[in-house]
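See structure below.
Below, all heavy atoms of this structure are taken into account, side chains as well, without hydrogens, waters or symmetry copies. Indexing begins at 1, ligand by ligand and atom by atom, following the structure's order.
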Amino acid sequence: MKIQLLPSSFDESGKASRRQHLPCFVVDDTVAFDAGSLAMACTDKQRDSIRDVVLSHAHLDHIAGLPLFIDDLYSALTEPVVVHASADVIEVLERDIFNWSVYPKFSELENDFGPVMVYRSFDVGSAFSVKHLRVIPLAVNHRVPTAGFIISDGRSTLAMSGDTSAMDEFWPTVNETEHLTALFIECAFPNELEDLAEISHHLTPRSLAAELEKLEVDCPIHIINIKPAFRDTVIGQLGELNLKDLAILEVGKIYDL
Ligand SMILES: [Zn+2]
């Protein structure tokens, strides 16, 4: 399984920077998990080949690139973009985003080939298939209904927390997963912003360390979704934890799991 966190910001020379504003993880150039920078940062090849988008939740940073992605492809689509999300998330998208006020209601529109966007709802805890992948959505602990995912291509298996604070339901399934290849887990805020992390249901290096105590499997751990303004501080504090197998997921790098 190849997975790439698409870039979402630029350095002084116009090249992709390491600051991650928007989560969008592309698996095997075909399935996007969250759509933060999907339209803005996918390659032409990915734009042609991604027709499935799996959403963890409806916060803006995770969905920002979805309306623009469908807009870009509108007349070229010969099959609809399939948005996989929980019923709660679909309700928010239809009410607050694809409502003609913020953006067109693509779920009601067709081009010459048929519908341009369809929803496929998933239930937390129930596995579903997307292209060649088997995905188990798991409840995590964020401010709004949010799913983490266990993603398998039959050869490698990735667990990804999405936005979350301390989790209960996620870990037992992760721990019973055979041959877990990697864990992607968030760490949004530095320790001194513990109060903000608590209100917004995110992790800090300290609370992340407590979470990782619940992980019973040895596998590489990659940190995602660090708030860009606190990136250096969070990375420094993560380093002080001296946790083995822990690294920051690099923006733009293609990981072969
Ligand atoms: Zn969020």
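- Between H62 and L55, the shortest heavy-atom distance links the atoms O-CD2, 4.0 Å.
- With waters neither drawn nor counted, the protein N/O/S atoms under 2.8 Å from the Zn ion (ligand 1) amount to 4.
- Sparse packing is recorded around CD of E169, with 12 or fewer heavy atoms of other residues, nucleotides or ligands lying under 6.0 Å away.
- Among pairs with a residue in residues 78-87, those fulfilling side chain to side chain donor-acceptor pair (under 3.5 Å) read D52-H84, at least two apart in sequence or across chains.
- A tilted orientation is assigned to the rings of Y74 and F106, their planes being inclined by 30° to 60°.
- Listed by chain and number, the residues in a side-chain contact (heavy atoms from CB on, under 4.5 Å) with I254 are K2, Q4 (sequence neighbours excluded).
- Pairs of residues two or more places apart, or lying in two chains, that qualify as side chain to side chain donor-acceptor pair (under 3.5 Å) and include a residue from residues 180-189 are E186-H202.
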